[in-house]
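Structure first, commentary second.
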Amino acid sequence: MKAWILEKQGRIEERPLKLVEVPTPHPRDGEVRLRILVCGVCRTDNHIAEGDLPLRRSSVILGHEIVGIVDEVGKNVERFRVGDKAGMYWLHSACGECKYCLSQRENYCSQIKCTGWDVDGGYAEYVTVPAEYALPLNAVQLEPAEIAPLLCPGIAGYAAFKLTGAQEGDRLGLYGFGPTAYYVLKVAQSMGIETYVNTRSAKNIEGAKRAGASWAANAAKERMPHKLDAAILFPPAGNLVEPMLSQLEKGGTLVMAPVSASPIVIENYSENLWGRDIRTLYNLKRSDAEELLEIVNRLDLEVGTSLFPFEELQDALILTRRGELEQPNAVIKVADR
Ligand SMILES: NC(=O)c1ccc[n+]([C@@H]2O[C@H](COP(=O)([O-])OP(=O)(O)OC[C@H]3O[C@@H](n4cnc5c(N)ncnc54)[C@H](OP(=O)(O)O)[C@@H]3O)[C@@H](O)[C@H]2O)c1
Ligand SMILES: [Zn+2]
Ligand SMILES: [Zn+2]
């Protein structure tokens with residue numbers, strides 16, 4: 001099969017991936033093989049390609065927003081049949097035995113394996129995945145290219161949203177409006193929760209309003225009209241934490257989505273932190289993915305994707321890195337149907 005492999009990390013402009021012919025994999029016990037239709041591009045792919053994240057094996061096929069068709073089924077698989085539409089996301093597998101795995105909190109498992117990092121991912125014609133972790137997509141009424149970004153920003157956004165505990169009638173703040181926040185807004189909207197978006201660029205302010213935010217502006221220039229019941233921080237900007245807390249009602253929750261952040265200083269504990277909670281998003285778990293897929297047909301999604309041919313993966317990575325995509329999400333087309 002054709003696959004893009006990464007052997008040695010390097011600046012994305014220097015095009016560190018290579019398009020090569022590799023043996024087509026076959027599913028082992030408990031696995032299925034997907035014939036890949038599309039794979040979404042994530043900023044994390046750039047972080048792995050460029051060396052911000054360590055290379056965990058060489059060579060590796062990147063890509064963790066995979067949508068495909070099951071075309072071979074290994075032994076002991078009940079969940080899928082040949083011809084099913086299925087997806088694979090960042091969580092490839094976990095140990096299944098630790099206290100976290102045994103309590104459906106596998107996001108904390110220390111043995112987690114990640115798709116397109118520890119094991120080969122989706123920038124190829126085929127991939128084998130554990131059936132237990134693969135996502136059934138037959139019921140999802142979206143095009144493959146619209147499903148792909150759902151499998152990373154969508155699931156992460158849903159997971160962050162769940163951590164807020166927001167309920168119908170609440171006001172939810174979104175700080176930063178990238179692809180992840182878009183999905184949170186749509187989930188919140190479907191539950192009768194108002195969203196208040198603080199983002200700097202005119203493009204994102206416009207995008208948030210179009211998506212249905214009750215208020216969207218740069219809060220450094222324009223005051224939010226209401227206090228919030230909960231808020232999610234998306235960019236790694238630790239300096240936003242105290243201003244966000246001061247915008248929360250008593251009993252409110254601040255959720256931090258980033259995987260790293262600049263220093264967080266809280267100067268006024270009594271006024272700004274006392275009586276509020278801070279929670280952090282730490283990896284994704286299966287229940288978040290499955291719950292999102294259950295409600296996705298009810299969300300009024302207009303997923304903006306820039307579709308690239310398979311051969312142009314590195315152009316998509318470069319544009320993603322530079323923030324120069326025409327649409328919020330880049331998706332690589334591997335096969336027509
Ligand atoms: N914790 C986990 O396990 C996990 C899993 C998946 C993803 N994530 C995280 O989820 C986050 C969301 O990713 P994403 O790609 O959707 O978002 P993103 O593009 O990294 O950031 C969202 C937006 O924040 C805005 N922003 C940046 N600095 C700002 C500031 N100082 N004040 C206000 N807004 C600011 C930018 O828009 P403007 O230019 O309009 O301001 C940017 O588009 C990332 O941090 C990612 O690491 C975490
Ligand atoms: Zn991702
Ligand atoms: Zn475990």
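Along the sequence shown, the residues carry numbers beginning at 1. Values below: every heavy atom of this structure, side chains too, minus hydrogens, waters and symmetry copies. Whatever order the structure lists ligands and atoms in, that order sets their numbers, starting from 1.
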Non-hydrogen atom of Y175 closer than 4.0 Å to ligand 1: no

Hey, could you give me the NZ/CD1 distance between K85 and I147, rounded to the nearest 0.5 Å? 4.0 Å

Exercise: identify the closest heavy-atom pair between Q9 and L55: NE2-N, 3.4 Å

Can a non-hydrogen atom of P179 be found less than 4.0 Å from any atom of ligand 1? yes

Do L281 and ligand 1 have an N or O pair less than 3.5 Å apart? yes

Test your reading of the structure: does R200 have an N or O sitting under 3.5 Å from an N or O of ligand 1? yes

Pairs of nitrogen or oxygen atoms closer than 3.5 Å, one from N283 and one from ligand 1: do any exist? yes

Nitrogen or oxygen atoms of T199 and ligand 1 under 3.5 Å apart: yes

Between P153, P235, S260, flag the one that comes closest to atom 21 (O) of ligand 1 by a heavy atom. P235

For A156, is at least one N or O under 3.5 Å away from an N or O on ligand 1? no

Any protein heavy atom lying closer than 4.0 Å to atom 40 (O) of ligand 1? yes

If I take the Zn ion (ligand 3) as the centre, what angle separates the SG atom of C109 from the SG atom of C95? Nearest 10 degrees is fine. 110°

Measure from the ring center of Y183 to the ring center of Y158 and say whether it is less than 6.0 Å. no

Should K113 and Y133 be marked as a side chain to side chain contact (heavy atoms under 4.5 Å, CB included) after you check the CA-CA gap, both sets of side-chain angles, and the distance that decides it? CA-CA 11 Å; K113 287 202 166 40; Y133 288 84; over 6 Å; no

Backbone or side-chain N or O of F234 under 3.5 Å from ligand 1 N or O: yes

Give a yes or no on whether a salt bridge exists between R322 and E13, defined as a side-chain N under 4.0 angstrom from a carboxylate O. yes

Whether over 12 other heavy atoms sit under 6.0 Å from K227 NZ: yes

For N239, which part has a heavy atom under 4.0 Å from ligand 1: side chain, backbone, both, or neither? neither

Considering all protein heavy atoms, does one lie under 4.0 Å from atom 35 (C) of ligand 1? yes

Within the supplied structure, the quantity of interest is the number of heavy atoms (other residues, nucleotides, ligands) at a distance under 6.0 Å from R33 CZ; does it exceed 12? yes

Look at R210 together with E302 and state whether they make a salt bridge at an N to O cut-off of under 4.0 Å. no

